[in-house]
Undergrad: 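Structure below; questions to follow.
All figures in this text were calculated on a predicted structure; none of them were measured in a lab.
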Amino acid sequence: MPRERGRLLDPNRRSLYTEALRPPPGYRVDCAVAATYSLDLEMLLSIPVSLALFSLPDKEQVLDNKVLLLEALERTVENLAVFAQVGRIHPASGLPALAGLVEPCVHEVVAPHGGAFHPKLWLLRFAPLAGAGGTPRIRLLVLSRNLTSDRSWDLSLALDGEPRGRNRRPNRSLAELLRALPDLAIRPLRPSYREMIDTLADEVHRMVWEMPDGVEELSFEVLGLRRRAWTPPVSKRLVVVSPFCQGAALEHLAGTTGAPVALVSRHEELAALEPEARDRFERCLVLQDTTEVEDGEEIPQKGPRLHGLHAKLYLFEQGWDTTLVLGSANATNAALLQGRNVELLAHLQGRRSRIGGVSELLQEAEGFGALLAPFVPSEDIAESDASERAAKEALEHARDALIEAKLSMTCAAEDGDHWRVRLRAATPVSIGEVRLRIWLATGHDQAARDGGALTDGDEIDLGRHPLALLCQFVGFELSLPGEHRLAFTLTVLMKNLPKARYAAIVASVLTDRAGFLAYLRLLLGDLWDETLAELGSAQGTGAWWKAGTAGETEPLLENMVRALARDPQRLRAIGRVIERLEERGGAGIVPPEFRKLWEAFALLLAETKG
């Protein structure tokens with residue numbers, strides 16, 4: 001039978017973000033590291049549910065199921081580190097109290113040479129479940145999209161494998177990027193995060209990856225840690241897919257190939273190029289009937305997310321072989337020539353007869369070509385006028401000033417378990433004529449406070465908030481007359497954040513006995529049983545903890561005995577939540593019958609190691 005051609009890049013094969021993060025059967029997530037340019041905090045809140053092996057259809061259902069979300073966060077957040085470009089966290093408003101639990105894992109970073117921190121990746125370490133056997137496994141996702149809920153045409157590469165033996169040269173750049181992440185962060189990381197990342201980097205350096213079909217060689221390249229231009233492979237034919245592009249970078253690429261066959265980009269980007277740059281390629285193409293918006297260079301503002309081209313791909317034909325280079329790097333000067341942006345690229349090489357080439361990518365029957373149309377210049381697309389460019393520069397300057405202002409917050413207890421929050425800057429913030437509005441991300445932007453006092457060095461009163469809603473994610477909106485706006489979120493340290501906040505967050509979720517018992521079911525349920533997701537929203541009264549979970553006949557008591565023998569950490573988690581509820585006056589939520597049962601297990605647990 002003839003070999004299938006051109007299937008490595010298949011526009012008809014779709015992958016859901018959350019599905020790609022799910023552990024394989026018989027495994028759990030041991031630790032995870034993500035890198036992204038922009039970050040949606042609601043999207044981040046939904047991720048631990050996938051990491052904990054639960055299954056819900058969409059982000060909204062995850063956020064509505066507070067008991068399930070609490071359990072997923074408890075399992076994963078201490079071993080999850082997310083790195084994002086400072087000032088590019090999407091504006092957030094009305095976040096649930098549980099957002100406070102993800103604060104420690106969000107690390108804002110800057111690129112070392114003044115550009116953008118732009119890689120998009122996930123590295124996940126999977127450990128075998130208790131009693132399942134097997135060795136640890138690692139999954140790498142190299143993406144073209146950020147950790148956001150935007151819907152667009154993206155590319156993803158998923159690789160699984162195991163660390164074995166010696167360090168391997170093709171993995172060196174990827175391991176170097178991991179080791180560099182803590183030092184790019186604007187605030188020191190907890191020692192536990194540094195240790196986790198160092199261990200993961202050592203394992204990645206030794207990885208033996210399971211190759212995609214047809215791929216014979218695989219390597220990684222990181223740009224921007226050292227200031228140098230990218231050296232593309234020499235080729236006979238070349239296709240460039242890049243939402244953003246600039247003339248000098250395109251000239252650099254075209255100079256490495258005998259035939260620059262096609263450039264696929266956004267209509268606005270192609271229109272802004274000099275004709276000579278477009279003419280270097282035989283064909284210039286755009287997505288059909290779509291708004292090409294790329295969120296890797298700038299975050300979208302309020303309003304609906306826009307669809308369009310977001311994939312970045314460089315396809316080189318080299319005789320009988322094809323090299324595919326995919327990842328985060330656009331064909332821009334900052335990314336490819338100046339070495340200012342931090343980028344991650346994966347190089348995959350194989351026989352053209354196995355993985356396809358230019359023709360297979362651009363064919364209309366099964367390739368990407370069916371989605372493309374020739375670029376036709378139009379006069380109605382013009383460059384932004386001088387006033388618009390000036391407004392954008394002023395807003396970006398104001399954002400940079402806020403980032404550099406060493407903002408901090410304090411809180412003070414008031415009556416009724418509410419706390420007064422105040423924000424200040426170490427020095428006056430220079431933002432010119434830009435108007436500034438500020439709010440806690442767990443509050444609502446409609447109640448935002450005017451931030452003009454920061455320009456005089458005065459503090460801003462951000463209002464009264466319940467203890468559970470105290471939050472270190474702060475929303476900012478910058479604006480100028482003429483509907484020019486820039487909104488984003490920053491992490492601002494709250495210097496005297498009460499220790500009792502954690503217990504208050506737990507108590508805000510487990511508000512009654514039904515919620516507490518649903519949480520117990522999740523804690524004691526089998527990790528690989530996805531039907532447990534339904535239990536997080538279970539409602540009921542009475543002592544149903546004696547009757548067993550849905551679809552089972554074993555009572556809760558037997559599950560606790562089994563956990564004591566196989567996985568005592570689950571019982572210790574029950575002890576922690578009882579303690580937090582009692583700290584917050586929520587002891588009445590725990591059924592008295594279960595409290596007596598727990599006291600007996602606590603004695604046994606004290607004698608158990610592990």
Undergrad: Go through the structure and list residues passing side-chain contact (heavy atoms from CB on, under 4.5 Å) with His484, not counting sequence neighbours.
TA: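 Here the qualifying residues are Glu388, Ala391, Leu395, Leu480.
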Undergrad: Does Glu103 come within less than 4.0 Å of Arg187, counting only side-chain N to carboxylate O?
TA: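 Arg187 and Glu103: not salt-bridged.
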Undergrad: Would you name the heavy atoms of Trp122 and Leu147 that are closest together and state the gap between them?
TA: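 Scanning both residues, the minimum pair turns out to be CZ2-CD1, 3.7 Å.
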Undergrad: State, without any angle test, whether Asn330 and Lys312 hold a side-chain donor-acceptor pair at a distance under 3.5 Å.
TA: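 No donor-acceptor contact under 3.5 Å links the two side chains.
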Undergrad: Nearest heavy-atom pair of Pro96 and Leu45: which atoms, and what distance?
TA: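 Looks like CG-CD1, 3.8 Å.
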Undergrad: Would you call Glu483-Arg485 a salt bridge at under 4.0 Å N-O?
TA: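 Answer for the salt bridge query: yes.
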Undergrad: Looking at Leu51 and Val29, what are the two nearest heavy atoms and their distance?
TA: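 Nearest pair, atom of Leu51 first, then Val29: O-CG2, 3.3 Å.
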Undergrad: Roughly how far, to the nearest 0.5 Å, is CE of Met43 from CD1 of Ile47?
TA: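 With rounding to 0.5 Å, CD1 (Ile47) is 4.5 Å from CE (Met43).
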Undergrad: Where do Leu39 and His90 land on the side-chain contact (heavy atoms from CB on, under 4.5 Å) test, with the steps shown first?
TA: CA-CA 6 Å; Leu39 172 63; His90 286 194; over 6 Å; no
Undergrad: Quick one: do Asp154 and Lys120 satisfy salt bridge (Lys or Arg N to Asp or Glu O under 4.0 Å)? Show the steps, please.
TA: CA-CA 11 Å; Asp154 286 284; Lys120 297 101 167 56; over 6 Å; no
Undergrad: Ring pair (Phe, Tyr, Trp, His ring centres under 6.0 Å) with Tyr314: which residues, sequence neighbours excluded?
TA: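 Ring pair (Phe, Tyr, Trp, His ring centres under 6.0 Å) check on Tyr314 returns Trp230.
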Undergrad: Centroid separation under 6.0 Å, is that true for the rings of Phe375 and His267?
TA: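 Here the rings of Phe375 and His267 have centres that are less than 6.0 Å from each other.
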Undergrad: Under a 3.5 Å cutoff, is there a donor and acceptor pairing between the side chains of Glu221 and His347?
TA: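 His347 and Glu221 do have a side-chain donor-acceptor pair below 3.5 Å.
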Undergrad: Side chains of Ser38 and Thr148: do they bring a donor and an acceptor to under 3.5 Å?
TA: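 The answer is no; no qualifying pair exists.
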Undergrad: Evaluate side-chain contact (heavy atoms from CB on, under 4.5 Å) for Leu238 paired with Leu315, printing each intermediate quantity in order.
TA: CA-CA 6 Å; Leu238 166 68; Leu315 188 152; 5.9 Å; no
Undergrad: Using the rule given for side-chain contact (heavy atoms from CB on, under 4.5 Å), can you reason through His118 versus Val342, listing the C-alpha separation, both sets of side-chain angles and the distance that settles it, and then say yes or no?
TA: CA-CA 5 Å; His118 205 243; Val342 178; 5.8 Å; no
Undergrad: Ignoring hydrogens and angles, write down the donor-acceptor pairs under 3.5 Å from the side chains of residues 319-327, residues two or more places apart or on other chains.
TA:
residue, atom, partner, partner atom, Å
Asp321, OD2, Gln349, NE2, 3.3
Thr322, OG1, Gly356, O, 2.8
Thr323, OG1, Gln318, OE1, 2.6

Undergrad: Compile the donor-acceptor pairs under 3.5 Å between side chains in residues 172-179 and protein atoms, sequence neighbours left out, one pair per line.
TA:
residue, atom, partner, partner atom, Å
Glu176, OE1, Arg226, NH2, 3.1
Arg179, NH2, Asp202, OD1, 2.8

Undergrad: With sequence neighbours excluded, what pairs up with Glu162 under the side-chain contact (heavy atoms from CB on, under 4.5 Å) test?
TA: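 Once residues adjacent in sequence are excluded, the partners of Glu162 under the side-chain contact (heavy atoms from CB on, under 4.5 Å) criterion are Thr135, Arg137, Arg164.
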Undergrad: Run the ring pair (Phe, Tyr, Trp, His ring centres under 6.0 Å) test against Phe117 and tell me which residues pass, sequence neighbours left out.
TA: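 By the ring pair (Phe, Tyr, Trp, His ring centres under 6.0 Å) rule, Phe117 matches no residue at all.
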Undergrad: Would Leu348 and Glu217 satisfy side-chain contact (heavy atoms from CB on, under 4.5 Å), going step by step from the backbone distance to the final call?
TA: CA-CA 6 Å; Leu348 300 93; Glu217 295 184 22; over 6 Å; no
